Asks: 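Input: one structure, supplied below.
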Amino acid sequence: MAGAAATKNPTRDAVPSTRTVNTIAGLRAVLDERRRAGASVALVPTMGALHDGHLALVRRARELADVVVVSIFVNPLQFGPTEDLDRYPRTLEADVAALTGLGVEVVFAPDVAEMYPNGPAGTRVGAGPAGERYEGAHRPGHFDGMLTVVAKLFSIAQPDVAVFGQKDAQQVFLVGRMIADLDLRLRLEVVPTVREADGLALSSRNRFLDDDERVAALVLAESLDAAHTAAADGTSELLAEGVAAFGDHDGVDLDYLVVVDPATFLPIDEAFAGQALVLVAARVGATRLIDNAFVEVGAKQPPSPAE
Ligand code: AMP
């Protein structure tokens with residue numbers, strides 16, 4: 001009987017061995033069986049080339065559910081024709097090794113034909129206008145492609161909770177809105193951005209930076225610090241200080257630095273007070289990096305009648 005009880009109430013402390021599943025039917029079979037035994041499921045969608053940022057998501061997932069599924073899929077739908085799909089790092093063996101011991105039960109690593117057997121031109125989820133700003137302006141179609149694969153992964157794995165990183169702030173906003181708009185039955189959990197000791201946000205693309213670029217890349221985090229410090233003085237001050245941080249950095253091209261209302265993802269105006277989100281994107285050499293930070297914006301006092 002003790003064995004039956006253990007099956008009905010899976011303990012999270014026991015570390016299950018990690019298996020890799022490549023097919024949708026295979027993943028569904030594993031998860032159906034575990035759910036029948038009463039297990040809850042957490043999904044961590046990734047594109048692989050795992051680093052400590054991804055592993056923080058996995059550790060959080062392990063706290064939240066009995067079964068952790070990590071998907072590893074470089075989704076062609078979210079890459080534009082001129083983007084780095086072919087160059088995107090693929091390190092499946094090392095990824096599985098990194099996940100082993102963290103209590104991940106399944107790595108779901110389908111190939112493109114498994115995910116898109118009818119080719120890429122089928123049904124898509126539309127991100128709407130919020131998907132056309134900032135990253136979406138730079139990468140047309142990116143967020144439709146991202147939401148489409150995330151919706152497919154949700155449908156395939158039927159997780160109770162999905163864990164995403166704040167590092168990709170616009171992505172997390174759009175996934176949350178898709179869950180609400182489409183009444184999807186799962187909870188979204190967001191993990192804060194994991195950084196190197198010097199402040200650089202971990203990213204699979206950091207490996208493309210040479211030594212000089214690695215130093216130059218710190219300007220993104222520095223600009224967020226500058227914006228954070230200036231936020232008490234109001235919106236235009238924080239924007240001015242954030243942009244000024246890029247002043248004299250050779251080889252770095254600022255793409256945008258904006259401050260948005262986290263509830264709407266629309267730019268805030270001077271009257272805004274409260275928690276806002278600063279988004280920054282820049283090209284460092286040939287590598288495009290993004291970062292973001294929450295700030296507390298001070299309200300501008302209206303000029304007194306005497307002035
Ligand atoms: P990616 O493999 O780049 O698609 O990222 C997979 C997930 O890991 C997304 O939810 C990302 O937001 C998250 N992620 C990537 N980098 C970090 C980081 N430095 N800190 C926290 N989460 C991250």
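Nothing fancy with the numbering, it's 1 onward along the sequence. Counting starts at 1 for both ligands and their atoms, following the listed order. Please read these numbers as outputs of a predicted model, since none were measured by experiment.
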Asks: Apply salt bridge (charged side-chain N to carboxylate O under 4.0 Å, His left out) to residues Arg36 and Glu33 and explain how you reach the verdict.
Replies: CA-CA 5 Å; Arg36 273 196 297 276; Glu33 191 187 326; 5.5 Å; no

Asks: Any non-hydrogen atom of Pro192 lying under 4.0 Å from ligand 1?
Replies: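 The answer is yes, since Pro192 has a heavy atom less than 4.0 Å from ligand 1.
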
Asks: Could you check atom 1 (P) of ligand 1 against the protein and tell me its nearest heavy-atom contact, residue, atom and distance included?
Replies: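 Checking every protein heavy atom, the shortest distance to atom 1 (P) of ligand 1 gives His54 NE2, 3.7 Å.
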
Asks: Tell me whether ligand 1 is touched by Arg195 - counting only heavy atoms on the residue side and a distance under 4.0 Å.
Replies: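 Outside the 4.0 Å threshold, so no.
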
Asks: Using the ring of each side chain (for Trp, its six-membered ring), is Tyr116 parallel, tilted or perpendicular to Phe73, with breaks at 30° and 60°?
Replies: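 Correct class here is tilted.
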
Asks: Which heavy atom of the protein is the closest neighbour of atom 10 (O) of ligand 1, given with residue, atom name and distance?
Replies: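 Looking only at protein heavy atoms, the one closest to atom 10 (O) of ligand 1 is Gly165 N, 2.9 Å.
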
Asks: Hey, is ligand 1 close enough to Thr193 that some N/O pair sits below 3.5 Å?
Replies: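 No: no nitrogen or oxygen of Thr193 is under 3.5 Å from one in ligand 1.
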
Asks: Any N or O on Gln166 sitting closer than 3.5 Å to an N or O of ligand 1?
Replies: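 No; every N/O pair is 3.5 Å or more apart.
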
Asks: Tell me whether the guanidinium CZ or amine NZ of Arg87 lies under 6.0 angstrom from the six-membered ring centre of Phe208 and within 45° of its axis.
Replies: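 Yes, Arg87 lies over the aromatic ring of Phe208.
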
Asks: Going by the order shown, which atoms of ligand 1 are within less than 4.0 Å of some heavy atom of Leu202?
Replies: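 The list of qualifying atoms is 16 (N), 17 (C), 18 (C), 19 (N).
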
Asks: Identify, for atom 3 (O) of ligand 1, the protein heavy atom at the shortest distance, and state residue, atom and that distance.
Replies: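 Nearest neighbour among protein heavy atoms for atom 3 (O) of ligand 1, to 0.1 Å: Tyr88 OH, 3.8 Å.
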
Asks: Which residue owns the protein heavy atom closest to atom 9 (C) of ligand 1, what's the atom, and how far is it?
Replies: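 Its nearest protein heavy-atom neighbour is Gln171 NE2, 3.7 Å.
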
Asks: Got a sec: does the CG of Asp32 have more than 12 other heavy atoms crowding it under 6.0 Å?
Replies: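 Yes.
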
Asks: I need the minimum non-hydrogen distance between Ala39 and Val67, along with the two atoms involved.
Replies: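 Minimum heavy-atom contact is CB-CG2, 3.8 Å.
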
Asks: Nearest to atom 20 (N) of ligand 1, what protein heavy atom do you find, and at what distance?
Replies: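 Of every protein heavy atom, Val194 N, 2.8 Å lies nearest to atom 20 (N) of ligand 1.
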
Asks: Checking Arg90 side chain against Tyr88 main chain: does a donor-acceptor pair fall under 3.5 Å?
Replies: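 A pair under 3.5 Å: yes.
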
Asks: What atoms in ligand 1 come closer than 4.0 Å to a heavy atom of Met47?
Replies: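 Result: 1 (P), 2 (O), 4 (O).
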
Asks: From the options Asp66, Leu64, Val70, select the one residue that forms a side-chain contact (heavy atoms from CB on, under 4.5 Å) with Val68.
Replies: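 For Val68, the side-chain contact (heavy atoms from CB on, under 4.5 Å) test succeeds with only one of Asp66, Leu64, Val70, which is Val70.
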
Asks: Taking distance alone, with N or O pairs closer than 3.5 Å, would you say Leu57 contacts ligand 1?
Replies: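 Leu57 vs ligand 1: no N/O contact under 3.5 Å.
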
Asks: Can you confirm, on distance only, whether ligand 1 has an N/O atom lying under 3.5 Å from any N/O atom belonging to Ala201?
Replies: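 In this structure, Ala201 places no N or O atom under 3.5 Å from an N or O of ligand 1.
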
Asks: Does a salt bridge link Asp255 with Arg288, judged by any charged N lying under 4.0 Å from a carboxylate O?
Replies: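 Yes.
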
Asks: Under a 4.0 Å threshold between the charged nitrogen and the carboxylate oxygen, would Asp291 count as salt-bridged to Arg195?
Replies: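 Here Arg195 pairs with Asp291 in a salt bridge, since their nearest N and O are under 4.0 Å apart.
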
Asks: Output the list of atoms in ligand 1 that are nearer than 4.0 Å to some heavy atom of Pro45, sorted by atom number.
Replies: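 Taking each heavy atom of Pro45 in turn, ligand 1 has 6 (C), 7 (C) under 4.0 Å.
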
Asks: Among all protein heavy atoms, pick the one closest to atom 15 (C) of ligand 1 and tell me residue, atom and distance.
Replies: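 For this ligand atom, the closest protein heavy atom is His51 CE1, 3.9 Å.
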
Asks: Parallel, tilted or perpendicular for Tyr134 and Tyr256, by the 30°/60° rule?
Replies: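 Plane angle between 30° and 60°, so tilted.
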
Asks: Suppose we measure from atom 23 (C) of ligand 1 to each protein heavy atom; which comes out shortest, and what is that distance?
Replies: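 Its nearest protein heavy-atom neighbour is Lys167 CB, 3.8 Å.
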
Asks: Is the shortest distance from a Lys or Arg side-chain nitrogen in Arg214 or Asp198 to a carboxylate oxygen in the other one below 4.0 Å?
Replies: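 A salt bridge links Arg214 with Asp198.
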
Asks: Would you say Val191 and ligand 1 have an N/O pair spaced under 3.5 Å apart?
Replies: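 No; the residue has no nitrogen or oxygen that sits under 3.5 Å from a nitrogen or oxygen of the ligand.
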
Asks: Can you name the atoms of ligand 1, numbered from 1 with element, that are less than 4.0 Å from a heavy atom of Asp168?
Replies: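 The list of qualifying atoms is 11 (C), 12 (O).
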
